[in-house]
Structure formats: structure tokens, C-alpha cells
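Note on naming: letters A, B, ... go to the chains in the order of the sequence lines (proteins, then strands), and numbering restarts at 1 for each one.
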Protein chains: 4
Amino acid sequence: MPRRYDPERRQRIVDAAIRVVGAKGIAGLSHRSVAAEADVPLGSTTYHFATLDELMVAALRQAGEGFAEAVASRGGLTDPDTDLAADLAALLGEWLAGDPTGVELEYELYLAALRRPALRPVAAEWSRDLTALLARRTDTVTARALVAVLYGMCLQVLLTGAAYEERYARDVFARVLAGPARAASRGEPAGEA
Amino acid sequence: MPRRYDPERRQRIVDAAIRVVGAKGIAGLSHRSVAAEADVPLGSTTYHFATLDELMVAALRQAGEGFAEAVASRGGLTDPDTDLAADLAALLGEWLAGDPTGVELEYELYLAALRRPALRPVAAEWSRDLTALLARRTDTVTARALVAVLYGMCLQVLLTGAAYEERYARDVFARVLAGPARAASRGEPAGEA
Amino acid sequence: MPRRYDPERRQRIVDAAIRVVGAKGIAGLSHRSVAAEADVPLGSTTYHFATLDELMVAALRQAGEGFAEAVASRGGLTDPDTDLAADLAALLGEWLAGDPTGVELEYELYLAALRRPALRPVAAEWSRDLTALLARRTDTVTARALVAVLYGMCLQVLLTGAAYEERYARDVFARVLAGPARAASRGEPAGEA
Amino acid sequence: MPRRYDPERRQRIVDAAIRVVGAKGIAGLSHRSVAAEADVPLGSTTYHFATLDELMVAALRQAGEGFAEAVASRGGLTDPDTDLAADLAALLGEWLAGDPTGVELEYELYLAALRRPALRPVAAEWSRDLTALLARRTDTVTARALVAVLYGMCLQVLLTGAAYEERYARDVFARVLAGPARAASRGEPAGEA
DNA sequence: AATGAATGAGCATTCATTCAT
DNA sequence: TATGAATGAATGCTCATTCAT
């Protein structure tokens, strides 16, 4: 077996890892499965990423950059003259409508941080960046709330299999953006469904 | 080795499974680890739960019942004269302040449904029950939004390690309950946290 | 591949482990090498001995029993009317003259206890038993010294490759048995070589 | 990565190897572990020591020199007017009282020669030098016996965890130095320790 | 001369599952 | 009905060694 000169190998391993998580979930991520997917020898994966944690961190970081680009490319999020609630709802819709394995993949990697300390900093950074971006259109507290809503609705769609309704999402984002109602927190129904 | 008469064995296996997930995460759940934790023979776990999926369904169901009880025991949620936003914020605070492995455990089991079809019905049911409960105080759409916010904020706390701020949470719940502002969705800051 | 019913399997694995250590040294002992030598599936070795330490303890214990039998079968050691020094020298000579891999094997297992805590109790017991046996012919202190000399001379032969000289060994044992010379510890040569 | 000019590198690698053996045992010695401990590139260790055997020989030689110095620095061993038995007992006591990992390390390296032919000449030389030194105070046979006793008692202490008793050791050395008792080899107890 | 990259072999261990009892 | 024994597959990881630079 010839020793291949392959300067991109590290990157290709990360790409393969992401494809593996997309196809089989994090539980299916192993040095072996990645090596097979990337068509490199097993030893090559352990050489570039001594532990699976290292590989997962690289994969999560890369997946995060993908999402960040999607967000950045929606000019509306930073343009003060657009409807932020609508923009967020559209963004989420686009993301959820995209390659479903891609969505599950990124979300699964993100959620994996819950029990894998090595991933926490990357996941936290991801959340922080998005919050900071939204904070340019509103205040920090509201931005944080918007992110929470975004994640929560995403979870609902992915877990219950319910269809994503953009109008509903826009409405919820708008409520959060509207700020606290002065006298309406006793639970009265609050508008159109 | 005497055959033990142990009518509670099935239940004890489920309890052990929950402890194992709490201690080592779902990735650490195996017939063996559960058998050791429950102090029953290995064969006993495979006898009562032929596959790990079956065992995880039982564990998730049981964990969900625990949460449902916590919810139900907060009378406020169904009493039309209380401040629902405050009640929800308090509930979340109480849950997050409890045994941290318990919280992570339940959330991890819940999120596992993302990639394990067998768990989806249980997780969906969990979400549906909570929504239905809240719908008794507001409309269905708002209830669903409240649940999304609840999950999203929970995620933020667990993943970023940020401290839970009950006042902030109550404010966000209140905004969602208040309904859409007539003219405020252009992103203007919306008040204190 | 038929599941074999093999009630002696555990014993055969230990036997194989001893042969492996004899042939390749402790460094060559692995679940795999033992499984191959014993002609059992790999999983069978890990089933009966969950860790290599467990297997090594069993092997050391068995090797020790072999040596103990050799010692016990030399009636002279317990018969008060024989020449103990000569008996010990003969025993050592016999042992060293035997299957050389057997000698190295037992010694190597014994010495492995130096760095493997799990083996220490077994090795200590081995030494204690031999000391106790010899103490029946002399006092405890002398018995302990005899054992030290035995081990030390054994080491010399094995490590330097020097031939074993029974006469020399008997002489040294005799000196230890003779007890402290009243005035002879200034280093004067002490008799025939 | 700059090519470092590091004329002491070879020496530093040997030092690191000794530290590794001290910390993790011979089983933990690898090109990688040594490279990490010495803070040099992996390739550097294989460059200076093509095989692990070469590295172990260098380490054993160096460890032996350390012991030889300790011996030489005890003037008493060569001064014909001192109590040789007491000197040996004190030397052994000092050595055993020193850094325990150092003692285990040197002994482990020494014993490794049992199964590694490459180490045998170095170990044999070590033993020969000590014997030659002691032979200046007594005859060759007695010197060899003293060395055997020294090694044997050392082994007893290290393996059984028994405390070292200098008085006992001195007594045994004295017996060996005293030479064969004329009529005392029938096993009668031979005095207090 | 020196070294980063690479790789195939091997390791201890854990595992879900099967099957004879 | 339970369960101890058994087993083949897989895992993360370490390694000595080689080789292109």
C-alpha cells in the first residue's frame, strides 16, 4: 500500500466525520467508521485526531461555521430596516427545509455538548455568537430570548415531527421582540393562532 | 446460585437504568452496566428488555412521569388566578436547581429521541401533555410557544453553563403570553430583563 | 461455529497463559495470544478473566503451586535428620536444571509483582510459605535469610548465565545456617571456594 | 518548526527514558512516551535509538552507574579496617530508603535482562563489577555470595513490602563472611537476628 | 542530520446477543 | 421461567517503524 501524500487529509477526515454523524448519528461515530468514509487508513484518523473528542470538536466547529455563514448571508438580520421576526422565522424555515440530515447533524452535535465537556466551549461560543449578532438589532436580553426560542422551536419540530409553520414562528418571535406587556401576564389568550 | 423471587425486578432494572444514564450518560447504558447497577444477573436484563431500545423507552417514560408530577404539583399552573409566567419561571428554576444529574439525565433521554425513532413517541407525548396542560390557561398556539421557550431556555442553561435567572425567564414567558405587539416588531429594544 | 460445552475451559486458559509467558515472556501475554494458544475464542478469555491482571494472578498462583509441590516432594526439607544446606542446594539445582523456560517463567511472573500491585499478595504468599516451611528446621530469621539467598543465587544464575554450582550453593546455605561468627566479620576470607 | 541545535539531546532522551520507567514501568516505555517526556519530536528518539532495546541498554547502563557511584562513595567497602557486613547493610538500607521509584526502576531494568538478551551483558557487568569490588575485601566466592544475598534481600523487601531491618541484614552478611561452620549445618537455630 | 506524516498491526476491553441448561 | 456461559464484532487507542522531505 503506497504511502499517499495527502496534505488535505485532515480536512477530509473532518468532512467524513460530519457525513458519518449525519448518516448514523453520533453513536455511529468511530475512528473506524470515519476512516472508512474518508477512505484513509485507520491509523490516519488517530494520527490527526488522537481522541474522538478532538475529532468531534473539529466537526462541531465546522458545522457551526456552516450555520454562521447561513445566518450571515441573510443580510436582513443586520439590516435595521427589515422585520427581524420575519427574518428569523424565514431563516429557521430555510434551515429546517434544507437537507434534513444536515439539520439533525448540527443539532445533534450541538446537543452532544450536554454530556461531553470537551464540546461545551464550542457549543457555548456558537450560541454566544448568534446572540451577539442579534443583539445588534435589539438588546442583549431580548437577543438571548430570541435564541432560546429559536432553539426551542427547532427542538419541537425535530422531536415531535410536527411541520414547521413559519407564520407561527414569526408570531412568537414578534411577541418576544415586543417586550413585556404591562398587564397581560395573567394567561389570557394573546391574539391570532 | 438461587433463582430469586423478585417481583419488583423489572422496576428495579428501570431504576438502575436511570441511575446509569445519570452517572455515565446514554452512551454508558448497556445491558451489562444496568445489570451491575441493579445487582441482577446479566441475563435478567435481556430477559425483561430484549433490546436496549425497550429499556430506554421505559426509562424515558418513567423520567417523564417524574417531570409531569413536578408540573402537576405546582397547583399554580392550573389555577386561573395566578401569574402563569411567574409560575413557569419558578417551575423551571426549581427543576434546574434540583439534582443536576437528574436534569441532565431527563434532558438527555429526551434529546436522544432525535436519533432514535423508538423514543420519539414517548418524547412527543411528553411535549404534548405539557402543551395541553398549559393550553388550559391560554390558547394552544401560545402554549406551544411557551413550551418551546421553556425547552430553549433550559438548553441555554445546560449547554452554556450560564446561571438561571428567574426574573429574566418570567419576563420572556410574559412576553410570549402578552401576544404580538401591534407595531413593535422592527427590533426596537423592548425593556429591562 | 458451534458453541462448545467445555467445563475445563478456565483451567485450559490458565495453562495456555503459562505456556505463553514461558515462550514469549510476560510482555507477550495478551488476551489474544492466550486465546490462540488455548484454541478458544478471544471473547472466552475476557469472559473468564475480565482483565489481564486477573489472568496473571491465576497463572502466578498456579506456577507457585508447582514450585511448592517440588519443594514439598523433597522430603528432606522437613526431615530433621538431613543436611538442610545440601537439600536446598540440591533443590535449587534440580529446579534450575529443569525446563529452562519453566524456571524463567516462574521467576518472571514472580518478579512481575514488583510493578503490578495485583500480583503482590500472591508473590508475598509464595515467599511466606517457603519461609514457614524452612522455619520448621531452623528459626524464622534464618529461614528468611535462606530464602533471600535462594532467590539471590537464582537471580545470579539466570541473569549472568553463569553455571549453577551446587557445592558453592551448599556452602553458602551452610554459612547462613551456621549463625553469626563471633569475631569473623572483618572480611577475612572464610574457607574453601 | 525550527530544527533545534541540541547537543545534549541524546543524553536528555536517556534521562527521560529513566523517568518514564520510574513512573510507568518498563511496560510504559515507548518511543512516544519518551519523546513526550523529553520534549523532543518522536523522530528524534528513533533517530538516536533505532530500537527500544538500544534505549533500554543506555538507560540500564546509566542507572547502573548511579548505583556504582553510591557503592564507591561508601569508602568503607574498600577500607580493610571497617566492618564489611555493617557497611553492606548500611548501603542497602540507604539505597532502599532513597526514592522508592528509583529503587524499583533500577531493579526493574536489571530484572528485565531476564527476558531481553540485549540487556544481559549490561546486567552481568553490573553484577561482576560489584563482585569484583567486594572481592578486594574477601575471596571471590564469598563476594559472589554476598552479592546474591544483597539481591535476594532487596527482592524480599521490594516484593513483600516488608520493612528493611538493617540489623538483620548485617547479621546475614556476617554469617556469609564468617565462612562455613564446621559442624553446624544440620539446621540448628543459629542465634538471634 | 533530522523530523513530521503516515500506516498496519496489535492491544485491552466492552458489548448485544444467543443458547443450553 | 431465568440465567450463566459463550462468542464474534466492534471500539478507542498505542505502537514501532518507515519514508518523504
Pairs under 3.5 Å (Watson-Crick or G-U), crossing ones as [ ], inter-strand ones as |: DNA chain E comes out as .||||||||||||||||||||

When A:G43 and C:G43 are each assigned the nearest nucleotide of DNA chain E, the 5'-most assignment goes to A:G43

Quick one: does C:S33's side chain have a donor or acceptor within less than 3.5 Å of a partner on C:G28's backbone? yes

- For D:M56 and D:L29, run side chain to side chain contact (heavy atoms under 4.5 Å, CB included): C-alpha distance rounded to whole Å, both residues' side-chain angles, the deciding distance at 0.1 Å, then the answer. CA-CA 9 Å; D:M56 267 170 40; D:L29 187 74; 3.3 Å; yes

Stepwise side chain to side chain contact (heavy atoms under 4.5 Å, CB included) test for D:D15 and D:Q62: CA-CA 9 Å; D:D15 293 341; D:Q62 178 154 320; 2.7 Å; yes

The complete set of salt bridge (Lys or Arg N to Asp or Glu O under 4.0 Å) pairs with one or both residues in residues 47-65 of chain D, sequence neighbours excluded, reads D:R61-D:E125

The correct set of residues in residues 19-35 of chain A placing a heavy atom under 4.0 Å from DNA chain E is A:R32

Residue set satisfying salt bridge (charged side-chain N to carboxylate O under 4.0 Å, His left out) with D:R19, at least two apart, ordered chain then number -> D:E37

For A:S127, the side chain to side chain donor-acceptor pair (under 3.5 Å) test, sequence neighbours excluded, returns none

Kindly say if D:R9 contacts the phosphate of E:dT3, meaning a side-chain N or O under 4.0 Å from OP1 or OP2. yes

* To do: Take A:R116 and A:I26 through the test side chain to side chain contact (heavy atoms under 4.5 Å, CB included) and record every step on the way to the result.
  => CA-CA 12 Å; A:R116 291 179 209 251; A:I26 280 190; 3.7 Å; yes

Separation of F:dT7 atom C1' from C:D39 atom CG, nearest Å, is 14 Å

(request) Apply the test side chain to side chain contact (heavy atoms under 4.5 Å, CB included) to residues D:Y110 and D:L119: give CA-CA distance (whole Å), side-chain angles for both, the deciding distance (0.1 Å), then the verdict. (result) CA-CA 8 Å; D:Y110 181 72; D:L119 299 184; over 6 Å; no

note: A:L42, atom CG; E:dG10, atom P; distance rounded to Å ~ 14 Å

Closest heavy-atom pair, D:T45 versus D:I13, reported as atoms and distance to 0.1 Å, is CA-CD1, 4.0 Å

Expected list for residues 44-58 of chain B near DNA chain F, using heavy atoms below 4.0 Å, is B:S44, B:Y47

**Item:** Heavy-atom donor-acceptor pair, D:H31 side chain to D:F49 backbone, under 3.5 Å
**Value:** yes

